[in-house]
Amino acid sequence: MQTLTPHVYWAQRHADISLRVELSDAKNVDITMQDNTLHFKARGHGAKGDNEYGFSLEFLEPVQPKVIQKSTQRQVDIKILKQEDRWWDRLTRQERKPLFLAPDFDRWQDESDAERELQAKEEERINKISVESRIRKDPYIGLKKGYLFMYNLVQFFGFSSIFVNMTVRLFILGRESFYDTFHTAADMMYFCQMLAVIEVINPLLGLVRTGFFPAMIQVMGRNVILFVIFGSLEQMQNKAIVFFVFYLWSSIEIFRYPFYMLACIDTEWKLLTWLRYTIWIPLYPLGVIAEAVAVIQSLPVFDETRLYSLPLPQALGGSLSFSYTLHIYLILMFLGLFINFRHLYKQRGRRFRSRKRKVN
């Protein structure tokens, strides 16, 4: 069967050549580049019906051997990159233009248009370099990320050990494990919560983007419960509420700390991200409620023992019980819940909106 020649339309830019072959429903497309000459063969429906079509073009100047090809139902698009970014006077080495070749006016540019486009790209590149040069690179970024990675790793191991220990004891001892939680997990919880004070300092040093006040509210609030309520009152250490407070705290942190740890090395696990920004929605309010129950249970103990009571002048007599301070603290606790919950929910929204934009 005779091989026919299709209609071919061409256009150029400084960096590349584009060819549009008028051949619909093209099959068995074979495009090769040999000795700076493009060879095209395919079967499809062209100007003379369904047939075998082919052509060859020897380019005016050297081109790269790689050919970018895309076939659609109506045509075959071919892109060839020039070896040198420059404007050609014509497409082919032979001065006389082949009869099947015509300008592609939909993509056509004259040399002045191409020069303006090239100049705009160059200005964009220069502006980008200028902006990047104005941004000071932090020479200590590696050290900071290493420090944050190790901090989050240590906290993850600490809270994981608490969570695993409490879970195993719950399965073995059942409800009996509620009443000796403080004696089995308090030492590690002391360590983790004292170390958590660093989270209040990090925002002040500019090491993390987390707000100072939300971090301070959470860390200081937990430390009041741990050191003042549980640590100071032996009567509170055997109560079941200690189990629920510790278990809720550790349940949140075993997802939060590994999320931040991986962020230090620019790594993200989608499931971990979802858990970090979703599981706190029920657990965080439950944790605050458990803390409030612990405070309420401690009020009569402080009234009875007069621990941390404030002495009053002799004219007034007696002393002011610390329980009054805890009443105010209860109000501040739920105010802190509202502030932190709102802050975390906004963080969650920003995180998932940014992920959605990346996917799109």
Side-chain angles (χ1 to χ4, degrees), residues 152 155-167 169-170 175 177-182 184-200 210-233 236-260 272-299 326-348:
N152 288 293
Q155 288 287 61
F156 170 64
F157 281 137
F159 279 104
S160 294
S161 68
I162 296 170
F163 180 83
V164 171
N165 177 43
M166 294 177 66
T167 302
R169 289 176 57 80
L170 179 63
R175 294 183 61 181
S177 67
F178 290 177
Y179 305 103
D180 62 350
T181 298
F182 184 86
T184 58
D187 288 341
M188 183 57 71
M189 188 63 79
Y190 279 145
F191 171 78
C192 291
Q193 282 306 125
M194 285 189 291
L195 194 62
V197 176
I198 293 175
E199 295 181 32
V200 182
T210 308
F212 166 74
F213 285 106
M216 184 185 69
I217 290 171
Q218 178 170 321
V219 173
M220 296 302 114
R222 283 188 180 183
N223 284 349
V224 168
I225 300 298
L226 179 61
F227 291 98
V228 178
I229 305 297
F230 295 153
S232 299
L233 301 175
M236 291 295 299
Q237 294 172 5
N238 296 320
K239 292 185 179 292
I241 192 61
V242 179
F243 173 88
F244 293 102
V245 171
F246 281 14
Y247 206 72
L248 288 167
W249 285 358
S250 58
S251 298
I252 294 173
E253 305 304 15
I254 59 174
F255 298 110
R256 184 168 74 97
Y257 284 115
F259 170 80
Y260 287 127
L272 181 60
T273 300
W274 184 85
L275 287 170
R276 185 268 178 272
Y277 283 105
T278 304
I279 202 166
W280 63 266
I281 295 176
L283 293 184
Y284 185 62
L286 287 174
V288 173
I289 291 171
E291 293 171 21
V293 171
V295 171
I296 292 170
Q297 289 183 356
S298 73
L299 295 178
L326 291 179
H327 280 90
I328 299 172
Y329 177 73
L330 278 173
I331 299 172
L332 296 177
M333 181 187 295
F334 285 97
L335 179 62
L337 168 65
F338 172 76
I339 294 172
N340 254 342
F341 198 88
R342 184 180 178 186
H343 172 74
L344 290 169
Y345 203 81
K346 283 183 178 179
Q347 269 193 338
R348 182 180 188 272

Check: Where do Gly221 and Tyr329 come nearest, in terms of heavy atoms and distance?
Finding: O-OH, 3.0 Å
Checklist line | Atom pair CG/CZ of Leu226 and Phe246 - distance to nearest 0.5 Å | finding: 5.0 Å
Item checked: Distance in Å, Ile254 CD1 paired with Phe159 CZ, rounded so as to fall on 0.5 Å steps -> 10.5 Å
Margin query: Please report the interatomic distance OG(Ser298) to CD1(Ile225), rounded to the nearest 0.5 Å.
Written below: 7.5 Å
Check: What pair of heavy atoms forms the shortest contact from Ala215 to Val200, and how long is it?
Finding: O-CG2, 4.0 Å
Notebook entry, point to check: Tell me, do Val245 and Phe230 make a side-chain contact under 4.5 Å, heavy atoms counted?
Noted result: yes
Item checked: Listed partners of Leu275 passing side chain to side chain contact (heavy atoms under 4.5 Å, CB included), at least two apart -> Phe255, Leu271
Notebook entry, point to check: Is a donor on one side and an acceptor on the other found under 3.5 Å between the side chain of Ser232 and the backbone of Phe227?
Noted result: yes
Checklist line | Separation between CD of Glu253 and CG of Asn152, rounded to the nearest 0.5 Å | finding: 10.0 Å
Check: Quick one: are Ile296 and Leu330 in side-chain contact, heavy atoms under 4.5 Å?
Finding: yes
Checklist line | Sidechain N-carboxylate O distance under 4.0 Å for Glu199, Arg222 | finding: no
Check: Side chain of Tyr247, backbone of Thr167: donor and acceptor closer than 3.5 Å?
Finding: no
Margin query: side-chain contact (heavy atoms from CB on, under 4.5 Å) for Val197 and Asn223? Distances and angles first, verdict last.
Written below: CA-CA 9 Å; Val197 176; Asn223 284 349; 4.0 Å; yes
Check: Which pair of heavy atoms, one from Val219 and one from Ala196, lies closest together, and at what distance?
Finding: CG2-O, 3.6 Å
Note to self: For Phe157, I'd like to know if atom CZ has over 12 heavy atoms of other residues, nucleotides or ligands within 6.0 Å.
What the structure shows: no
Item checked: Working for side-chain contact (heavy atoms from CB on, under 4.5 Å), residues Glu291 and Leu248 -> CA-CA 10 Å; Glu291 293 171 21; Leu248 288 167; over 6 Å; no
Margin query: Show, in sequence, the C-alpha distance, side-chain angles and deciding distance for Ile217 and Leu335, and conclude whether the side-chain contact (heavy atoms from CB on, under 4.5 Å) test is met.
Written below: CA-CA 10 Å; Ile217 290 171; Leu335 179 62; over 6 Å; no
Check: What is the minimum heavy-atom distance between Leu233 and Ile229, and which atoms define it?
Finding: CB-O, 3.4 Å
Check: With side chains defined as the heavy atoms from C-beta onward, is the minimum distance between Phe182 and Asn238 less than 4.5 Å?
Finding: no
Item checked: Closest contact, heavy atoms only, Arg169 versus Ser177 -> O-CB, 3.7 Å
Next item on the list: Apply side-chain contact (heavy atoms from CB on, under 4.5 Å) to Val242 and Tyr179, showing your working.
Entry: CA-CA 8 Å; Val242 179; Tyr179 305 103; over 6 Å; no
Check: Could you give the distance from CD (Gln297) to CE (Met236), rounded to the nearest 0.5 Å?
Finding: 5.0 Å
Next item on the list: Write down the atom of Pro258, the atom of Phe156, and the distance for their closest heavy-atom approach.
Entry: CD-CD1, 3.5 Å
Next item on the list: Would you give the length of the straight line joining atom CH2 of Trp249 to atom CD of Gln218, rounded to the nearest 0.5 angstrom?
Entry: 9.5 Å
